[in-house]
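Take a look at the structure below.
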Amino acid sequence: MDSSLLADLNEPQRQAVMHTDGPLLIFAGAGSGKTSVLTRRIAYLIQQHNVAPYNILAVTFTNKASKQMKERIASLVGDMVARDLWAGTFHSVCARMLRERGDEIGIDQRFIIYDTDDQIALVKESLKELELDDKTYQPRAILSRISWAKEKLITARELRSRSEHKPFDRGVAAVYKLYQEKLKLANALDFDDLIVECVSLLKDSEAARAHYQRRFQYVHCDEFQDTNKSQYELLRLLSKQHKNLCVVGDDDQSIYAFRGADIQIILDFENDFPDAKVVKLEQNYRSTKTILNAAYHVVKNNKDRTEKRLWTEKPDGEHIVLMETPNENAEGAAIASEIRRLSQSGDYQFSDIAILYRTNAQSRAIEEQLYRLSIKYKIVGGLRFWERREVKDIVAYLRVTLNPNDSVSMRRIINVPARAIGSTSMAAVNQFASQQGLTFWQALKRCDEVGLPARSRNAIAGFVKMIEYFQASALRKSVPDFIKDVLETSGYLADLRNERTEEARGREENLGELVSVAKQYEQREAWQNPVEAEDSEGDDPFADVADDLLTDYPRELGSFLEEISLVADIDSYEEGANSVTLMTLHSAKGLEFPIVLMAGMEEGIFPHMRSFDSQTDLEEERRLCYVGITRAKERLYMSFAETRTVFGCTKRNPISRYITEIPQSLYIPVSMRPSALSNSIPAFDPDTRRTVAPPVPRWADVSTPQPKKLSPQAQIDLPFKAGDKVTHAKFGRGTVVQIVPDNGDAKVSVAFPSPVGIKTLMASFANLEKSA
DNA sequence: CCGTGATCATTTTTT
DNA sequence: ATGATCACGG
């Protein structure tokens with residue numbers, strides 16, 4: 001067994017695996033086999049050192065990463081053994097510890113988790129109560145400040161005391177305080193609280209501290225460069241007794257400073273743990289020399305990094321292709337046609353290809369062009385399922401059923417669908433509640449005592465009755481059945497059906513999807529978590545909550561809600577289906593693809609405008625670029641558009657500075673544009689931030705040779721010409737009258753039968769299909 | 001109380 | 001461009 005665990009490891013990797021006792025810092029460059037080392041190390045502990053899996057903790061940032069880790073460890077040591085290993089995200093680990101032991105610091109273990117929308121709602125409420133103006137105190141800004149404080153373990157009180165000369169922080173501190181009270185009242189914790197409260201638990205409860213410190217003989221943390229102060233504190237507390245803290249990270253891939261990740265933590269680790277062993281993994285097993293070279297030349301421009309350079313035994317590989325296009329539609333078209341070419345060559349499948357961009361908004365133009373060429377794609381992120389209105393509404397019903405004191409969810413649904421409980425009634429009930437010192441829910445139940453017209457009182461009484469019915473229903477029904485019950489009984493579905501719009505149809509479908517998600521959950525749980533499962537990472541977060549707390553408590557519903565509170569976009573990403581993957585550069589971290597296309601390599605897009613005035617932010621963006629480049633195994637494309645329409649107005653962006661940092665010998669510029677300007681590729685002048693012609697233009701032709709003057713049709717690849725019959729989704733069949741080129745797109749005039757008449761449509765939006 | 005229309009701000013990244 | 005919020009009138 002020993003030999004198989006260590007067999008195919010290189011020397012530093014082997015050292016990392018075999019250094020079991022004492023703190024260990026592994027600098028793991030991109031593609032250096034980091035996950036492999038981490039999983040082998042854990043397997044090694046179990047098999048060679050007879051450590052019980054129960055005594056090992058592995059923390060990651062995404063569910064996907066932890067799931068993957070569990071699977072890989074299971075394949076090394078067997079399912080039954082791996083079951084007892086505790087592997088999860090920071091948030092899920094903390095949530096679980098708080099469910100087990102939260103009562104020791106006064107947390108009701110049935111707490112629910114508030115997401116960003118809920119948080120915003122709560123901040124708005126607080127602002128109103130404090131009579132603070134939401135223009136000077138924008139809820140988002142307040143919230144991010146509160147979050148900033150929590151990540152640094154700064155309490156409302158501390159924030160206030162250090163805000164002497166900072167009027168904004170004074171306001172924030174006031175909101176922070178009230179916000180926390182409201183959370184408490186709703187028996188809710190926000191994302192940051194999960195960590196913060198867990199740290200409190202370990203600090204303030206002797207018993208809990210002793211329990212967990214004894215238990216966790218070995219603590220591991222993946223993506224350590226992304227940890228913030230509170231998370232680091234948690235790791236230190238957990239590993240304090242046995243002092244076996246193993247962290248893996250890469251300062252060059254730190255891209256989450258905006259949400260509190262502190263790169264300094266990994267850089268200071270050796271100071272905090274003077275006896276730490278440090279291992280550097282610098283051999284890359286993923287990318288070609290060209291790609292690695294490019295990545296290095298970009299990231300080396302950062303000042304705040306430890307110098308290191310990855311190397312590989314792989315060949316030089318293909319040149320990077322740099323594509324210039326007139327606008328974002330043409331960029332999408334160029335990407336799409338290149339993807340088609342690659343797949344037709346037979347060397348690559350769609351699933352080998354990823355398109356990465358800085359912001360989600362960029363995906364639309366690309367999607368349209370992929371769709372045009374019938375290239376299958378899937379998107380990670382963007383409009384998320386769990387954030388859709390209808391889904392959130394129904395989830396709010398579930399939450400209220402579980403916990404009627406969840407004020408945010410209550411407000412959300414009390415009049416959705418409309419049941420004649422408007423703001424006047426709400427205000428009255430609210431006032432009554434604070435007068436009598438009641439919760440909102442208690443006040444609702446006693447609405448007869450509120451001075452309201454009978455009509456309103458009846459409406460409220462009906463609502464209260466409905467919720468009470470749901471509470472009973474939840475106890476005897478399975479989660480999916482219960483959700484169906486809610487959909488019907490609340491009238492939500494009926495309301496939706498009445499709308500008879502395309503949009504409502506879509507919403508209805510999403511709700512159907514919600515039911516099937518619940519079904520899947522139910523099946524998975526039943527299969528994975530036989531009733532006795534005690535400490536298996538079987539994901540019933542209520543497994544350890546004292547039984548007396550749970551009488552009359554629909555625990556299945558509770559754990560379902562927990563699971564869906566902690567999902568990330570990337571968690572739903574699965575390899576397999578043969579389609580191109582589109583996602584943000586952030587989501588791409590940790591993944592790899594034979595072919596990567598990075599779109600929108602322009603100043604203002606990437607680096608994003610918002611980072612222009614901060615050196616730190618620009619360096620973070622640069623690391624993001626590094627992450628993007630190093631996702632590629634074989635071929636890398638970068639594209640930029642000469643003009644781009646953002647917020648409805650068209651801008652001209654200079655080429656990204658990061659491209660200019662890549663040695664010219666590594667890439668081949670390609671112009672997808674017929675205009676005269678295309679004779680020179682713009683180069684970035686760091687002084688003026690403008691593009692200038694390079695000294696020696698080096699041109700290669702596009703894969704399919706382009707004529708000097710491209711007809712607009714060919715340029716955007718329209719499958720029809722004047723005189724052809726086409727079909728439009730709304731207007732039906734018509735005849736193309738005229739095609740006028742329009743800056744990489746085309747205006748197409750189509751004659752439809754009356755009463756529609758002649759319409760002029762933008763080709764890229766109209767989705768015209770040629771018909772016989 | 002509810003729906004409509006106007007105005008407005010918004011878009012970086014996410015557990 | 002799109003979506004959210006707000007003011008007004010039914």
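Letters A, B, ... are given to chains in the order of the sequence lines, protein chains preceding strands, and every chain is numbered from 1. Predicted model only: the values in this text are computed from it and were never measured.
Scanning for salt bridge (Lys or Arg N to Asp or Glu O under 4.0 Å) contacts around A/Asp117 gives A/Lys392, with sequence neighbours left out. Listed by chain and number, the residues in a side-chain contact (heavy atoms from CB on, under 4.5 Å) with A/Asp250 are A/Asp252, A/Gln253, A/Lys308, A/Tyr626 (sequence neighbours excluded).
In this structure, A/Leu585 places its CG atom 11 Å from P of B/dT13, rounding to the nearest Å. Across the protein-nucleic acid pair, A/Phe191 atom CZ and B/dT15 atom C1' stand 6 Å apart, rounded to whole Å. Separating the CD atom of A/Gln231 from the C1' atom of B/dT14 is a distance of 12 Å, rounded to the nearest angstrom. Atom pair A/Phe61:CZ and B/dT15:P shows a separation of 11 Å (rounding to whole Å applied). Atom CD1 in A/Ile255 sits roughly 9 Å away from atom P in B/dT14 (whole-Å rounding). For the pair A/Asp117 CG and B/dT15 C1', the computed distance is 14 Å after rounding to whole Å. Distance A/Asp190 CG to B/dT14 P: 18 Å, rounded to the nearest Å. Going from atom CE of A/Met609 over to atom C1' of B/dT10 covers 11 Å, rounded to whole Å.
Judged by centroid separation below 5.5 Å and plane tilt below 30°, A/Phe258 stacks onto the base of B/dT13.
Listed by first and then second residue, the salt bridge (Lys or Arg N to Asp or Glu O under 4.0 Å) pairs that reach into residues 136-149 of chain A are A/Arg145-A/Asp169, sequence neighbours excluded. For residues 491-511 of chain A, the set of pairs meeting the ring-ring contact (aromatic ring centres under 6.0 Å, His included) definition, not counting sequence neighbours, is empty.
For B/dT11, the OP1/OP2 oxygens have no side-chain nitrogen or oxygen of A/Asn360 closer than 4.0 Å. Checking the phosphate oxygens (OP1, OP2) of B/dT10, a side-chain nitrogen or oxygen of A/Gln138 falls inside 4.0 Å. Contact between the side-chain N/O atoms of A/Arg140 and the OP1/OP2 oxygens of B/dT11 is found at a separation under 4.0 Å. Taking 4.0 angstrom as the limit, A/Ser587 places a side-chain polar atom (N or O) nearer than this to OP1 or OP2 of B/dT14. At the phosphate of B/dT14, OP1 or OP2 sits under 4.0 Å from a side-chain N or O atom of A/Thr584.
Heavy atoms of A/His91 sit under 4.0 angstrom from at least one base atom.
A/Leu183 pairs with exactly one of A/Val408, A/Leu189, A/Leu122 by the side-chain contact (heavy atoms from CB on, under 4.5 Å) rule, that one being A/Leu122.
A side-chain donor-acceptor contact under 3.5 Å links A/Gln225 and A/Glu223.
Here the side chain of A/Thr359 is nearest to one of B/dT15, B/dT13, B/dT11, namely B/dT13. Nearest nucleotide to the side chain of A/Thr116, out of B/dT15, B/dT11, C/dT2: B/dT15.
Under the 4.0 Å criterion applied to side-chain N and carboxylate O atoms, A/Lys229 and A/Glu151 are not assigned as salt-bridge partners. A salt bridge links A/Asp222 to A/Lys34: one of the charged nitrogens lies within less than 4.0 Å of a carboxylate oxygen. A salt bridge does not link A/Arg364 to A/Glu367: none of the charged side-chain nitrogens sits closer than 4.0 Å to a carboxylate oxygen.
Not one N or O on the side chain of A/Asp193 forms a donor-acceptor pair closer than 3.5 Å with the backbone of A/Val196.
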Scan nucleotides 1-7 of chain B against the protein and return all N/O pairs shorter than 3.5 Å with their distances rounded to 0.1 Å.
{"from": "B/dC1", "atom 1": "OP1", "to": "A/Gly422", "atom 2": "N", "distance (Å)": "3.2"}
{"from": "B/dC1", "atom 1": "OP1", "to": "A/Ser425", "atom 2": "N", "distance (Å)": "3.3"}
{"from": "B/dC1", "atom 1": "OP1", "to": "A/Ser425", "atom 2": "OG", "distance (Å)": "2.8"}
{"from": "B/dC1", "atom 1": "OP2", "to": "A/Thr424", "atom 2": "OG1", "distance (Å)": "2.6"}
{"from": "B/dC2", "atom 1": "OP1", "to": "A/Ala420", "atom 2": "N", "distance (Å)": "2.9"}
{"from": "B/dC2", "atom 1": "OP2", "to": "A/Asn415", "atom 2": "ND2", "distance (Å)": "3.0"}

Name the pairs: protein N/O against N/O of nucleotides 3-5 of chain C, kept only if under 3.5 Å.
{"from": "C/dT5", "atom 1": "OP1", "to": "A/Lys124", "atom 2": "NZ", "distance (Å)": "3.2"}

